[in-house]
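Report on the following structure.
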Amino acid sequence: MKLLVCGGAGFIGSTFVRQRLLEHGDEVTVLDKLTYAGREENFHDFAEHPSFRFLRGAIEDPAAVSGAIDAAAPQAIVNFAAETHVDRSIAEPDAFVSTHALGTYVLLEAARAAALRYVQVSTDEVYGSIESGSFTEQSPLRPSSPYSATKTGADLLVQSYFHTYDLPAVIARGSNNYGPYQYPEKLIPLMILNALHGDALPVYGDGMQVRNWIHSTDFSRAIGHVLEHGVPGEVYNAGGPDEEANIDVVKRIIAATGASESQIEHVADRPGHDRRYSLSSDKVRALGWEPQVRFAEGLEQTVAWYRDNSWWWQPIRSGDYRAYYERQYGRTLA
Ligand code: NAD
Ligand code: TYD
């Protein structure tokens with residue numbers, strides 16, 4: 001296939017691009033704004049691939065989007081482009097509104113004009129928090145944060161383009177991803193790097209919040225199934241095989257890095273913090289997808305990747321991220 005992948009320079013987008021280029025033989029054009037989270041380093045092992053092209057641009061810019069469609073001549077658009085950190089959405093929601101609402105709108109208009117299949121990459125956070133059981137695709141949408149509320153708005157706009165204009169659009173909603181190339185503002189890479197450096201491990205509140213962890217290669221394969229086999233207008237949840245409380249994730253990371261439990265610091269809780277996420281994935285399983293990576297093993301591999309790839313995180317940890325960390329956590333990194 002020929003694909004236009006928006007937001008392909010980020011964590012999951014670059015994982016998806018790697019799979020499509022190297023395992024499926026697709027031709028892939030990435031359109032990415034390169035925010036703080038988007039990095040050309042994520043293309044290091046396929047940047048020179050003859051079927052790969054990178055264009056820098058924002059999805060809310062109609063000229064950048066039409067230029068990318070002209071260059072790529074794609075059959076489908078897969079949209080990963082987003083602001084993705086809940087804490088940043090609480091501190092500064094502006095970019096979340098413009099990228100998720102306006103950016104998604106511009107992409108949908110372009111997909112409609114060129115009659116392209118469209119895949120929106122979304123999140124379990126649109127359903128809000130669940131005490132027990134798991135969300136299905138029929139569960140009501142009750143987002144809690146500016147991040148999840150603007151992602152929900154984007155999903156609804158995508159569905160409106162299916163209902164109103166027959167745009168062949170599908171939505172893939174993933175649970176919490178982890179794996180190589182994840183920006184260290186998120187729980188797992190933040191804790192790995194802090195553990196390796198002897199820094200404090202800042203656990204929000206009691207640390208008993210539960211997340212449904214999926215390896216980024218598993219979520220990327222689920223998106224591939226939805227792209228190839230998803231029924232237009234439908235939503236597909238893709239959750240990981242394991243759920244774990246944050247404090248237990250941190251303890252696993254301490255054990256894998258040889259850090260000390262005395263590094264754990266319970267800090268003020270996140271405002272509006274969702275207690276638990278859990279997805280039922282029966283519908284995407286019916287398309288032939290199964291998660292392949294169990295959390296215990298995937299987390300060990302992820303710790304090893306960060307330990308072995310300081311070339312990737314060193315420039316982040318010594319750059320703007322330090323200032324972000326000081327603002328968010330009120331303390332400096334080692
Ligand atoms: P990320 O923050 O690592 O990457 C986001 C990418 O989007 C970056 O490359 C960034 O430069 C790009 N981008 C941001 N705004 C843009 C714009 N206006 N125009 C063009 N490019 C722009 O995020 P990620 O974790 O890889 O998430 C990718 C997608 O998956 C997002 O839509 C996110 O909501 C969704 N998702 C993430 C998770 C998770 O746990 N990380 C779980 C479920 C769903
Ligand atoms: P995060 O990786 O930000 O993902 P999300 O908010 O999208 O689930 O956070 C995962 C969980 O870890 C969430 O319950 C918040 C918690 N957390 C901490 O306890 N400390 C931290 O420093 C961070 C970044 C997250």
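Note that ligands are numbered from 1 as they come in the structure, with each ligand's atoms numbered from 1 the same way.
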Response to the item:
Among Thr84, Ile223, Ile188, closest by heavy atom to atom 23 (O) of ligand 1 is Thr84
Worksheet item: Going by heavy atoms, is Ser98 under 4.0 Å from ligand 1?
Response: no
Response to the item:
Looking at Trp213, Tyr325, Tyr204, Tyr183, the heavy atom closest to atom 23 (C) of ligand 2 belongs to Tyr204
Item to complete: Flag yes if more than 12 heavy atoms outside Arg142 fall under 6.0 Å of its CZ atom; otherwise flag no.
Response: no
Fill in: Ligand-side contact atoms (ligand 1) for residue partner Phe80, heavy atom cut-off under 4.0 Å
28 (C), 29 (C), 31 (C), 32 (O)
Discussion item. Once salt bridge (charged side-chain N to carboxylate O under 4.0 Å, His left out) is applied, what residue pairs with a partner in residues 88-113 remain, sequence neighbours excluded?
Written reply: Arg88-Glu185, Glu109-Arg112
Practice prompt. Would you check the N or O atoms of Ile12, main chain and side chain alike, for any that come under 3.5 Å of an N or O of ligand 1?
Written response: yes
Worksheet item: Nearest non-hydrogen atom to atom 6 (O) of ligand 2 belongs to which of Arg270, Arg276, Glu125?
Response: Arg270
Item to complete: Would you kindly specify which portion of Ser122 sits under 4.0 Å from ligand 1, judged on non-hydrogen atoms: side chain, backbone, both or neither?
Response: backbone
Discussion item. Under 4.0 Å from a heavy atom of Val86: which atoms of ligand 2 are those, numbered in the order shown and with their elements?
Written reply: 6 (O), 7 (O)
Discussion item. At less than 4.0 angstrom from any non-hydrogen atom of Phe11, what atoms of ligand 1 do you find?
Written reply: 3 (O), 25 (O), 26 (O)
Discussion item. One residue to check: Glu125. Relative to ligand 1, which of side chain, backbone, both or neither has a non-hydrogen atom less than 4.0 Å away?
Written reply: neither
Practice prompt. Can you spot which of Tyr36, Trp313, Tyr183 makes a ring-ring contact (aromatic ring centres under 6.0 Å, His included) with Tyr321?
Written response: Tyr183
Worksheet item: At under 4.0 Å between heavy atoms, which part of Cys6 makes contact with ligand 1: side chain, backbone, both or neither?
Response: neither
